[in-house]
Amino acid sequence: MHNHTPDIRIAATGLYTPPNSISNQELVEAFNNFVDLFNEEHAVQITSGELEPLQKSSAEFIEKASGIKSRYVIDKDGILDVKRMAPHIPSRPDTQLSILAEIAVAAARDAMRSADLTSADIDGVICAASNLQRGYPAIAVEIQDSLGIEGYGFDMNVACASAAFGIEAGMGLIRTGARRVLMVNPEICTAHLNFRDRDSHFIFGDVATAVILERNEEPPKNEGWEILGSKLLTKYSNNIRNNFGFLNRCERDVDEAPDPQLDPFTDKLFRQEGRKVFKEVVPIVSNLITEHLAETGVAASDVKRFWLHQANLSMNEFIARKVLGRDADTIEAPVVLDQYANTSSAGSIIAFHKHRDDIAIGEIGVICAFGAGYSVGSVIVRRAA
Ligand code: CO8
């Protein structure tokens with residue numbers, strides 16, 4: 001068993017959930033209307049064999065393949081509008097708080113409230129997310145300004161593993177002088193999702209989470225989760241990819257006209273080889289957790305809870321089974337993807353935020369996030385207060 005006193009702890013977490021939710025049924029109805037329209041409009045090419053008809057989606061398939069039943073979204077109408085099939089998020093003047101900063105600030109305030117902390121208690125802000133709204137200024141600096149925090153902020157992106165990497169980065173900042181670090185994960189995943197793609201239109205939702213890290217010195221004001229250790233791993237893979245970037249506008253040949261039939265941004269959205277991801281990522285994650293527990297001197301049987309990344313229910317069941325050597329129930333490995341879908345870096349933090357009250361002082365849990373890159377991060381925590 002782990003016996004030296006950890007130097008850093010989690011003081012609080014926060015959550016912002018958008019007000020609108022879309023059920024599988026609603027999403028599938030919109031998708032299938034689009035399929036009917038497309039097939040009608042292309043009837044001639046389909047009959048001549050020039051084009052394959054598009055196939056319909058199914059709510060039963062979605063729940064069975066992923067465990068997802070619904071997802072919260074920033075804009076419901078735009079996604080369900082067959083003519084648009086993308087959230088409508090109007091641009092804002094530079095003088096107004098950006099949407100990504102806005103949802104992060106809401107999650108941050110929730111965390112600060114539950115830890116009885118004010119902006120004056122925090123020295124650094126990390127915005128760790130899969131999709132950052134712009135190149136610069138950093139979203140973290142805007143969040144810092146909006147909350148009135150002195151010190152500094154910066155953005156980082158390690159896809160779905162961003163929160164675990166953000167916790168590790170925050171621990172480093174505290175070791176080099178910061179008293180407390182606010183680490184936020186605003187994820188507007190629906191904005192990079194291709195709602196016309198049958199294989200992936202159901203995968204993502206929107207949310208923001210926040211974690212406050214502090215030195216493990218004085219007794220915590222409210223809660224305290226000592227960090228026994230964190231372990232990170234990346235392994236290059238093209239199986240989850242999004243080519244959106246600042247070079248896109250320079251890529252088209254000078255005389256190449258945009259194809260009006262094609263959504264010009266389709267290849268700049270999320271895409272994946274879901275089956276390959278599933279097969280390749282399960283062993284990487286279960287091995288990393290097993291090694292991390294061994295290095296930390298914690299037996300798998302002593303882990304009370306696994307707050308895992310929320311991408312796919314059976315994936316999490318496989319991971320927990322490999323680590324424990326038996327099936328885990330939904331108390332040991334809680335599920336939030338049924339309501340939230342995949343929220344990228346925020347998923348494991350939502351699970352931790354919502355499913356930790358019953359953990360007793362001295363008990364241990366593992367927060368583990370994984371995703372594109374591939375990237376994996378495990379954080380072992382012990383309840384201290
Ligand atoms: N409705 C009905 N049938 C369908 C549908 C649909 N919507 N989609 C596919 N089918 C059919 C297929 O055509 C196929 O039919 P057939 O057998 O006749 O060919 C059949 O269903 C099976 O298809 P699949 O093999 O694709 O289905 P799977 O069982 O593999 O399930 C999943 C698909 C759910 C995608 C699954 O593979 C999965 O979840 N894999 C893991 C994915 C994962 O974890 N990805 C990581 C996500 S990304 C991430 O975490 C970070 C990325 C950075 C993100 C930025 C975020 C904003």
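First listed ligand is number 1; within each ligand, the first listed atom is number 1.
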Undergrad: Verify the distance criterion only: is there a donor paired with an acceptor across the side chains of Asn24 and Glu63 at less than 3.5 Å?
TA: no
Undergrad: Examine the side chains of Thr209 and His353 and answer whether a donor and an acceptor come within less than 3.5 Å of each other.
TA: no
Undergrad: State whether a side-chain donor-acceptor pair under 3.5 Å links Thr290 with Asn287.
TA: no
Undergrad: How far apart are the C-alpha atoms of Arg321 and Asp327, what are their side-chain angles, what is the distance that settles it, and do they pass the salt bridge (charged side-chain N to carboxylate O under 4.0 Å, His left out) test?
TA: CA-CA 5 Å; Arg321 193 178 303 141; Asp327 285 339; 2.5 Å; yes
Undergrad: Applying a heavy-atom cut-off of 4.0 Å, say which part of Phe31 lies close to ligand 1: side chain, backbone, both or neither.
TA: neither
Undergrad: Of the backbone atoms (N, CA, C, O) and the side-chain heavy atoms from C-beta on, which set of Ala65 has a member under 4.0 Å from an atom of ligand 1: side chain, backbone, both, or neither?
TA: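 Near ligand 1, Ala65 shows its backbone as well as its side chain.
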Undergrad: Where is the nearest protein heavy atom to atom 48 (S) of ligand 1: which residue, which atom, and how far?
TA: Phe270 CE1, 3.6 Å
Undergrad: Can you name the residues that form a ring-ring contact (aromatic ring centres under 6.0 Å, His included) with Phe278, not counting sequence neighbours?
TA: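 Phe278 satisfies ring-ring contact (aromatic ring centres under 6.0 Å, His included) with Phe318 only.
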Undergrad: Which one holds for Ser130 and ligand 1: side chain close, backbone close, both close, or neither close, with close meaning a heavy atom under 4.0 Å?
TA: side chain
Undergrad: Return the residue, atom name and 0.1 Å-rounded distance of the protein heavy atom closest to atom 55 (C) of ligand 1.
TA: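 Sorting protein heavy atoms by distance from atom 55 (C) of ligand 1 puts His192 CE1, 3.2 Å first.
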Undergrad: Please state which protein non-hydrogen atom is closest to atom 12 (C) of ligand 1 and give its distance, to 0.1 Å?
TA: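 Going by distance alone, atom 12 (C) of ligand 1 is nearest to Arg198 NH1, 4.0 Å.
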Undergrad: Should you measure from each heavy atom of Asn131, which atoms of ligand 1 turn up under 4.0 Å away?
TA: 55 (C), 56 (C), 57 (C)
Undergrad: Tell me if the centroids of the rings in Phe195 and Phe31 come within less than 6.0 Å of each other.
TA: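 No, ring centres 6.0 Å or more apart.
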Undergrad: Would Ser98 and Glu142 count as having a side-chain donor-acceptor pair, cut-off 3.5 Å?
TA: yes
Undergrad: Under 4.0 Å from atom 31 (O) of ligand 1, do we find at least one protein heavy atom?
TA: yes
Undergrad: At less than 4.0 angstrom from any non-hydrogen atom of Asn312, what atoms of ligand 1 do you find?
TA: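 With Asn312 as reference, the close atoms of ligand 1 come out as 34 (C), 36 (C), 38 (C), 39 (O).
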Undergrad: With distance as the sole criterion, is a donor-acceptor pair present between the side chains of Ser345 and Ser162 under 3.5 Å?
TA: no
Undergrad: Using a 4.0 Å cut-off to any heavy atom of Ser58, which atoms of ligand 1 qualify?
TA: 1 (N), 2 (C)
Undergrad: Checking contacts now, so for atom 39 (O) of ligand 1, which I'm interested in, is there any protein heavy atom under 4.0 Å?
TA: yes
Undergrad: When you compare the side chains of Ser230 and Glu168, does any donor N or O come within less than 3.5 Å of an acceptor on the partner?
TA: yes
Undergrad: Side chains of Lys304 and Ile364, heavy atoms from C-beta outward: is any pair under 4.5 Å?
TA: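 Lys304 does not reach Ile364 side chain to side chain.
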Undergrad: For the pair Lys76 and Glu26, find out whether any cationic side-chain nitrogen is under 4.0 Å from an anionic carboxylate oxygen.
TA: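 Yes.
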Undergrad: For atom 17 (O) of ligand 1, state whether the nearest protein heavy atom is under 4.0 Å away.
TA: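 No; the ligand atom in question lacks any protein heavy-atom contact below 4.0 Å.
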Undergrad: Is there a donor in the side chain of Asn243 and an acceptor in the side chain of Arg241, or the other way round, less than 3.5 Å apart?
TA: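 On atom types as modelled, these side chains qualify, holding a pair under 3.5 Å.
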Undergrad: For atom 42 (C) of ligand 1, tell me which residue out of Glu273, Gln272, Lys64, Lys56 has the closest non-hydrogen atom.
TA: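 The nearest heavy atom belongs to Gln272.
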Undergrad: Is there a polar contact, in the sense of an N or O pair closer than 3.5 Å, between Gly274 and ligand 1?
TA: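 Yes; the residue has a nitrogen or oxygen that sits under 3.5 Å from a nitrogen or oxygen of the ligand.
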Undergrad: Is atom 1 (N) of ligand 1 touching the protein, meaning some protein heavy atom lies under 4.0 Å away?
TA: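 Looking at atom 1 (N) of ligand 1, one finds that a protein heavy atom does lie closer than 4.0 Å.
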Undergrad: From the options Ala346, Cys189, Cys160, Ala161, select the one whose nearest heavy atom is closest to atom 52 (C) of ligand 1.
TA: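 Looking at heavy atoms only, the winner is Cys160.
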Undergrad: Between Tyr340 and Gln310, do the side chains contain an N or O donor and an N or O acceptor separated by less than 3.5 Å?
TA: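 Note: Tyr340 and Gln310 side chains miss the donor-acceptor criterion.
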Undergrad: Where does Asn342 meet ligand 1, judged by heavy-atom distances below 4.0 Å: at the side chain, the backbone, both, or neither?
TA: side chain
Undergrad: Could you list which atoms of ligand 1 come closer than 4.0 Å to a heavy atom of Ser344?
TA: 54 (C), 55 (C), 56 (C)
Undergrad: Between the candidates Lys276, His201, Arg275, which shows the shortest non-hydrogen contact distance to atom 28 (P) of ligand 1?
TA: Arg275
Undergrad: I need the atoms of ligand 1 closer than 4.0 Å to a non-hydrogen atom of Met315, numbered in the order shown.
TA: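 Within the 4.0 Å cut-off of Met315, ligand 1 contributes 41 (C), 44 (O).
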Undergrad: Side chain or backbone of Gln55 under 4.0 Å from ligand 1, or both, or neither, by non-hydrogen atoms?
TA: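 For Gln55, there is no contact with ligand 1 at all, from either part.
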Undergrad: Which of the numbered atoms in ligand 1 are below 4.0 angstrom from a heavy atom of Asp199?
TA: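 Answer for ligand 1: 8 (N), 9 (C).
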Undergrad: With no hydrogens and no angle check, do the side chains of Ser348 and His309 hold a donor and an acceptor under 3.5 Å apart?
TA: no
Undergrad: Where the closest heavy atom to atom 11 (C) of ligand 1 is concerned, which of Phe61, Phe204, Tyr374 has it?
TA: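 Nearest option to atom 11 (C) of ligand 1, by heavy atoms: Phe61.
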Undergrad: Protein heavy-atom contact under 4.0 Å for atom 45 (N) of ligand 1?
TA: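 Yes.
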Undergrad: With atoms numbered from 1 as shown, which atoms in ligand 1 lie under 4.0 angstrom from a non-hydrogen atom of Ala311?
TA: 44 (O)
Undergrad: Tell me whether the count of non-hydrogen atoms from other residues, nucleotides or ligands lying under 6.0 Å of CG in Leu247 goes above 12.
TA: yes
Undergrad: As a test of the contact definition, would atom 14 (C) of ligand 1 count as having a protein heavy-atom neighbour under 4.0 Å?
TA: no
Undergrad: Which of the numbered atoms in ligand 1 are below 4.0 angstrom from a heavy atom of Ile240?
TA: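 Under 4.0 Å from Ile240, ligand 1 has these atoms: 46 (C), 48 (S), 52 (C).
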Undergrad: Before giving the answer on salt bridge (charged side-chain N to carboxylate O under 4.0 Å, His left out), spell out for Asp206 and Arg71 the whole-Å C-alpha distance, their side-chain angles and the decisive distance to 0.1 Å.
TA: CA-CA 7 Å; Asp206 305 329; Arg71 68 283 297 139; over 6 Å; no
Undergrad: Is there a heavy atom of His309 sitting under 4.0 angstrom from any atom of ligand 1?
TA: yes
